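Below you'll find the structure, written out as structure tokens, and then a few comments.
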Amino acid sequence: MRWQAKLALAMGGVGAVAYALARPASVRDPEPVRFAAVQSQLFAAGGTLTDAWADIDGDGDPDRFVGFDGTPSRLYRNDGTAGFVDVAAELGLVTERSVRTSAWGDFDSDGDPDLLLGYAGDAPVTALFRNDGPGGFVEVADEVGLRLNEGVTRQASWVDYDGDGDLDLFLALRDRENRLYRNDLSDGAMFTDVTRASGIGDPRRTVGAVWFDVDQDGDLDVVTANMNGDANGLWLQDGGVFTDGARGTVIEGGGRGVGDEAFGTVRPCVVDFDNDGRLDVFFANYGPNEIARRTDTGWESVGAVSGLAVDGRYDSCAWGDFDHDGTSDLYVNGTVTGGIQYRDWLFRREGGAMFLDVTPPQLLELNSDHGATWVDHDSDGDLDLALTGVDDDGMHHLMQNLLRPEFAGHSLKVRVLDEHGRATRAGTEVRVYAAGSDRLMGTRLVDTGSGYDAQSDLPVHFGLPGAQPVDVVITIVGAGVRTDVPVDNVDPAEYRGRALTVRVAFNGSLFR
């Protein structure tokens, strides 16, 4: 791989903190940080727990499901310039249960996203709504073998862990062993519980998870976030069998330590924060936050030296280049616990290894405390911010990014599908380079399941200062193989308002 060859030369003599973060060749003064509420009356209701985004109707813009704590859920269809409209009742997606998990994924491989929900309280604690297009959604959990009657669900991840071309389901449980279900629908069967056979049935109190190829062996692995003092997991896959490799690494404690019931990790987020081509892991914690930087020999703790190790109680993390300066920025929201509302943080990287707090009043005053998602809801090229709040006086606001129009379009969204046009490529890595060169401009993970109370099936987004042409390299991961697929000389201006959509087979065949 071109980035690995370059990285091998750059890594000599790197110490634990003495590293330089790659900066874009063209750097402008920092942009003002400004956001404004979109349809504030529509999104004003509180008691919101989960937030999940996907294009449910195939019209090219993202739609939004919001789960509430016992009041009717909402499904907002994005009608472009006409705004959002709640169509939950019309399409059969109203539930008055306490929705603790929501995750979009095309489980039946028909080309549109379906929705898994996890409930608190009485049985059943899971539901699966199949998307039947104009006909609405039909609940099929029992029919396909995904009905659970017990358990406290938290994190659902749709991921093709075995590389057979369809989406399997990993389900993190707060009070019992995590579960892994293999999708056998193509064989005329249902989902098969392979938890015991795979070795992934961790009984620790898991609330978050993110899947990616940690050891670059062509199999998808998973980092799990555990609460109440439990150590985090680093589950490495070898041909369908998982073993925990977290012990003795920064992943294990995630910056908050192990053994104290008051502390834990809520969400792990994957990001190449230093633009070296490797995927790092950020931990949103009860306790000091942390970032584990991937090196050529393992992991190193850089939370403190980066300015990100703020201490408190945090539920979610969302990385995105909101100002299009070519570097990844971070939103972390504080939770409500013990009668305390912990504040939110928007960190912008401004030179060197440091991140600076640039949280504007418009975001601070919202007191979000569960989901956080960067999403280009209006297709203007920049990232807007969706937030939820569980208190009765909370909200589920959508905050429009007021980046100046001349910079809003300095970006590229990339949508990676399989050769049949289905979204089954979670775990894929996408890198962009300045066209015709080895200058890496960013790395993103196709991630459809890592967000605690925030999930999406959306394109990956790159800020591109100057909007110069780029080469895109897509790395497909599965069944023990990593395959690089190049898409050269892409002009971002041609894709403003839409995503570069690439269909890729496991063998590297490319379809545009």
Side-chain angles (χ1 to χ4, degrees), residues 15-17 19 152 154-155 172-178 200 202-210 212 214 221-236 242-271 273 279-295 297-319 330-345 347 353-355 357 369-370 450-453:
V17 297
Y19 61 90
V152 178
R154 281 298 182 271
Q155 185 61 60
L173 296 171
R174 186 75 164 77
D175 62 340
R176 60 198 66 210
E177 289 185 350
N178 298 330
I200 207 168
D202 188 351
R204 292 174 293 191
R205 290 159 284 194
T206 305
V207 296
V210 60
F212 65 112
V214 174
D221 315 298
V222 58
V223 172
T224 53
N226 298 321
M227 285 293 288
N228 299 95
D230 289 344
N232 297 324
L234 175 58
W235 295 92
L236 302 174
F242 294 82
T243 54
D244 186 6
R247 183 177 293 276
T249 73
V250 65
I251 302 290
E252 182 180 22
R256 42 79 182 182
V258 176
D260 188 331
E261 282 271 336
F263 299 105
T265 299
V266 180
R267 182 179 179 187
C269 297
V270 165
V271 60
F273 81 100
L279 295 174
D280 314 300
V281 183
F282 176 86
F283 298 89
N285 291 330
Y286 277 29
N289 294 330
E290 173 66 289
I291 189 160
R293 180 174 180 263
R294 186 66 169 167
T295 74
T297 58
W299 303 92
E300 63 179 3
S301 167
V302 296
V305 299
S306 67
L308 296 178
V310 292
D311 196 355
R313 301 291 185 269
Y314 302 98
D315 272 344
S316 194
C317 47
W319 287 87
L330 172 65
Y331 191 86
V332 183
N333 62 3
T335 193
V336 178
T337 183
I340 299 173
Q341 168 75 65
Y342 289 87
R343 63 155 291 185
D344 298 354
W345 300 81
F347 291 103
M354 293 299 296
F355 288 80
D357 175 24
D369 52 57
H370 275 67
S450 72
Y452 180 79
D453 286 336

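All residue numbers in this chain count up from 1 along the given sequence. Predicted model only: the values in this text are computed from it and were never measured.
One finds the OH atom of Y331 at 15.0 Å from the CH2 atom of W319 (value rounded to the nearest 0.5 Å). Between the CD1 atom in I291 and the CZ atom in F283 there is a gap of 9.5 Å [rounded to 0.5 Å]. With rounding to the nearest 0.5 angstrom, the CH2 atom of W235 is 14.0 Å from the CD1 atom of I251. The distance from atom CZ of F282 to atom CG of L308, rounded to the nearest 0.5 Å, is 5.5 Å.
Donor-acceptor pairing under 3.5 Å is lacking for the side chains of D369 and T335. Between the side chains of E290 and S301, at least one donor N or O sits under 3.5 Å from an acceptor N or O.
Taking all atoms of both residues into account, the shortest heavy-atom contact from S306 to G303 is OG-O, 3.0 Å. Taking both residues in full, the closest heavy atoms of P268 and A225 are given as CD-CB, 3.6 Å, listed atom of the first, atom of the second, then distance. Counting all heavy atoms, side chain and backbone alike, A209 lies closest to V222 at CB-CG2, 4.0 Å. Contact between Q155 and V207 at its shortest, heavy atoms only, is CB-O, 3.7 Å.
The cationic atom of R294 (NZ for Lys, CZ for Arg) lies less than 6.0 Å from the six-membered ring centre of W299 and within 45° of the ring axis.
Counting heavy atoms from C-beta on, the side chains of D357 and R343 come closer than 4.5 Å. A 4.5 Å side-chain heavy-atom check between E300 and V250 finds every atom pair outside the cut-off.
D344 contributes a side-chain N or O that, together with a main-chain N or O of G334, makes up a donor-acceptor pair within less than 3.5 Å. A donor-acceptor pair under 3.5 Å is formed between the side chain of N232 and the backbone N or O of N226. A donor-acceptor pair under 3.5 Å links the side-chain atoms of N333 to the main chain of S316, judged by distance alone. Between the side chain of N285 and the backbone N or O of G254, at least one donor-acceptor pair lies under 3.5 Å.
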Quiz item: Going through the distances and angles, do D315 and Y286 end up as a side chain to side chain contact (heavy atoms under 4.5 Å, CB included)?
Solution: CA-CA 8 Å; D315 272 344; Y286 277 29; 4.0 Å; yes
Quiz prompt | Check against side chain to side chain contact (heavy atoms under 4.5 Å, CB included), R154 and T206 | solution = CA-CA 8 Å; R154 281 298 182 271; T206 305; over 6 Å; no
Quiz item: Do C317 and L330 pass the side chain to side chain contact (heavy atoms under 4.5 Å, CB included) test, and can you show the C-alpha distance, the side-chain angles, and the key distance before you say yes or no?
Solution: CA-CA 7 Å; C317 47; L330 172 65; 4.0 Å; yes
Quiz item: Does the side chain to side chain contact (heavy atoms under 4.5 Å, CB included) test come out yes or no for D280 and V302, once each step is laid out?
Solution: CA-CA 10 Å; D280 314 300; V302 296; over 6 Å; no
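Under the salt bridge (Lys or Arg N to Asp or Glu O under 4.0 Å) rule, R204 has a single partner from D244, D175, D230, which is D244.
In this view, W345 and Y314 satisfy the side-chain hydrogen bond (donor to acceptor under 3.5 Å, both in side chains) rule, not counting sequence neighbours. Here F242 pairs with W211 under the ring pair (Phe, Tyr, Trp, His ring centres under 6.0 Å) rule; sequence neighbours left out.
For the salt bridge (Lys or Arg N to Asp or Glu O under 4.0 Å) condition, the pairs that include at least one residue of residues 252-267, sequence neighbours left out, are R205-E261.
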